[in-house]
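Right, one structure below, let's go through it.
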Amino acid sequence: MIKPLTTLCLLGSFSSALWAAEPVSPQPATPLTYENPAYHKVVPAQARDMMRKGVVVIDVRMPVERLKEGFIKGSVNVPLPYLKPGAVLSAQPDLNQPVLVHCRSGVRAEAASKILIETGYKHVYNMYGTLQWPFGLLNAPQSKQ
C-alpha cells in the first residue's frame, strides 16, 4: 500500500516534469497549454531570426513594465488589456502575415495569441518573454555590481 504522503510527492514530481516542458529558462510562471494550428511557440534564437526577416514583434506588457524593465528593440507595445477580439493590429494589419508576441515570461503572450487568433491572425508565435531573452533589452536598468 502506498502512503498518502508518498502519493502526493509522486504526483507533485510528475506534474512538475510536465510543466518543465518549455524549452526556455526560466520557465513561464504557469504552464502554457493553448493549442491551435495557428499558434506556435518559438525560442529566442528562432524569434531573432524571424525579426531579422521583418516579422512584427508585439510586446503585451504594460508601458510601465517596458520603462522599468527594458524592451526588445523594434517591438511595438500593445498591452494585453487593450487587445480585443476583432481588433486588427495597426502594426500588422495583414492577418496572413506572422506576428511574434511576448510579455515577461510567456503567459500573457499566450493569452494575447488566443485573442489574435480569434481576430483571424493565421500565424501567431509566442516568443516567451523578456526573462528568457538573452539578446539584450533597450533602456534596461543596469545591474549593480
Side-chain angles (χ1 to χ4, degrees), residues 5 7-145:
L5 184 56
T7 303
L8 189 57
C9 290
L10 288 172
L11 289 174
S13 298
F14 180 69
S15 65
S16 295
L18 289 177
W19 184 7
E22 299 300 332
V24 292
S25 181
Q27 291 290 298
T30 60
L32 303 180
T33 59
Y34 180 58
E35 292 186 22
N36 186 293
Y39 176 71
H40 314 279
K41 295 181 277 186
V42 294
V43 296
Q46 293 169 302
R48 184 181 59 179
D49 291 344
M50 293 173 74
M51 291 166 63
R52 287 178 176 156
K53 294 175 183 169
V55 175
V56 172
V57 178
I58 304 297
D59 180 345
V60 298
R61 297 175 300 155
M62 296 303 289
V64 69
E65 290 177 88
R66 284 175 56 97
L67 290 173
K68 183 179 173 186
E69 300 166 6
F71 57 92
I72 295 173
K73 182 179 180 179
S75 64
V76 177
N77 190 216
V78 182
L80 179 59
Y82 302 126
L83 279 177
K84 303 294 179 211
V88 175
L89 299 170
S90 59
Q92 181 50 277
D94 187 344
L95 302 179
N96 293 307
Q97 291 299 311
V99 177
L100 284 163
V101 183
H102 82 85
C103 58
R104 185 169 186 262
S105 71
V107 176
R108 286 176 287 175
E110 183 173 80
S113 296
K114 291 178 190 178
I115 294 169
L116 292 172
I117 290 167
E118 274 184 55
T119 299
Y121 283 89
K122 307 287 188 259
H123 310 282
V124 180
Y125 296 84
N126 181 343
M127 58 185 277
Y128 298 96
T130 54
L131 288 176
Q132 297 93 354
W133 187 253
F135 306 113
L137 300 172
L138 296 179
N139 296 339
Q142 301 298 315
S143 61
K144 296 177 184 179
Q145 298 182 15

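The analysis underlying the following values was restricted to heavy atoms, covering all of them including side chains, and did not include hydrogens, waters or symmetry mates.
- Looking only at distances, a side-chain donor or acceptor of Q27 sits under 3.5 Å from a matching main-chain atom of E22.
- Remark: the backbone N or O of T33 is paired with a side-chain donor or acceptor of E110 at under 3.5 angstrom.
- Within the 4.5 Å cutoff, the side chain of Y128 has heavy atoms near those of the P23 side chain.
- V57 has its side chain out of reach of V76: every pair of non-hydrogen atoms, C-beta onward, lies at least 4.5 Å apart.
- What you find for G120 and L95 is that their closest heavy atoms are O-CB, 3.6 Å.
- The heavy-atom pair separating P44 from V24 by the smallest distance is CD-CG1, 4.0 Å.
- Under a cut-off of 6.0 angstrom, the local environment of CZ in R104 is sparse, with at most 12 non-hydrogen atoms contributed by other residues, nucleotides or ligands.
- Taking each heavy atom of I58 and A91 in turn, the nearest pair found is CD1-CB, 4.2 Å.
- Of the inter-residue distances, the one linking L116 atom CG with H123 atom NE2 reads 13.0 Å to the nearest 0.5 angstrom.
- Between atom CD1 of residue I117 and atom CG of residue N36 there is a gap of 4.5 Å, rounded to the nearest 0.5 Å.
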Exercise for review: Show the numbers, then the answer: is there a side chain to side chain contact (heavy atoms under 4.5 Å, CB included) between F71 and N77?
Suggested key: CA-CA 9 Å; F71 57 92; N77 190 216; over 6 Å; no
Practice item. Determine, stepwise, if the pair V56 / L100 fulfils side chain to side chain contact (heavy atoms under 4.5 Å, CB included). Key: CA-CA 6 Å; V56 172; L100 284 163; over 6 Å; no
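- Two residues are said to be in side-chain contact when any heavy atoms from C-beta on lie closer than 4.5 Å; L83 and V78 meet this criterion.
- Of the N and O atoms on the side chains of Q92 and Y121, not one donor lies less than 3.5 Å from an acceptor on the other residue.
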Review point. Would W133 and M127 count as a side chain to side chain contact (heavy atoms under 4.5 Å, CB included) if you check the C-alpha gap in whole Å, the side-chain angles of each, and the deciding distance to 0.1 Å?
Key: CA-CA 9 Å; W133 187 253; M127 58 185 277; 3.5 Å; yes
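- Atom-to-atom distance recorded for H102:NE2 and I72:CD1 is 3.5 Å, nearest 0.5 angstrom.
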Exercise for review: Show the numbers, then the answer: is there a side chain to side chain donor-acceptor pair (under 3.5 Å) between T130 and R66?
Suggested key: CA-CA 10 Å; T130 54; R66 284 175 56 97; over 6 Å; no
Review point. How far apart are the C-alpha atoms of K41 and Y125, what are their side-chain angles, what is the distance that settles it, and do they pass the side chain to side chain contact (heavy atoms under 4.5 Å, CB included) test?
Key: CA-CA 5 Å; K41 295 181 277 186; Y125 296 84; over 6 Å; no
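- Pairing each heavy atom of S113 with each of V124, the nearest pair is OG-CG1, 3.4 Å.
- In this structure, the separation between CE on M62 and NZ on K68 is 13.5 Å, given to the nearest 0.5 Å.
- Considering every non-hydrogen atom in both C103 and V60, the closest pair reads CB-CG2, 3.8 Å.
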Exercise for review: Report the C-alpha separation of E118 and K84 in whole Å, then their side-chain angles, then the decisive distance to 0.1 Å, and conclude whether the salt bridge (Lys or Arg N to Asp or Glu O under 4.0 Å) test is met.
Suggested key: CA-CA 9 Å; E118 274 184 55; K84 303 294 179 211; over 6 Å; no
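- Atom CG of residue L89 and atom CG of residue D94 lie 11.5 Å apart, to the nearest 0.5 angstrom.
- When all heavy atoms are compared, the tightest approach of S105 to A29 is OG-N, 3.8 Å.
- The backbone N or O of P26 lies less than 3.5 Å from a partner atom in the side chain of Q132, making a donor-acceptor pair.
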Exercise for review: Would you check, one step at a time, whether the test salt bridge (Lys or Arg N to Asp or Glu O under 4.0 Å) holds for E69 with R61?
Suggested key: CA-CA 10 Å; E69 300 166 6; R61 297 175 300 155; 3.2 Å; yes
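- A 4.5 Å side-chain heavy-atom check between I115 and L80 finds at least one atom pair inside the cut-off.
- Here the straight-line distance linking atom CD of E65 with atom CZ of R108 works out to 4.0 Å at 0.5 Å rounding.
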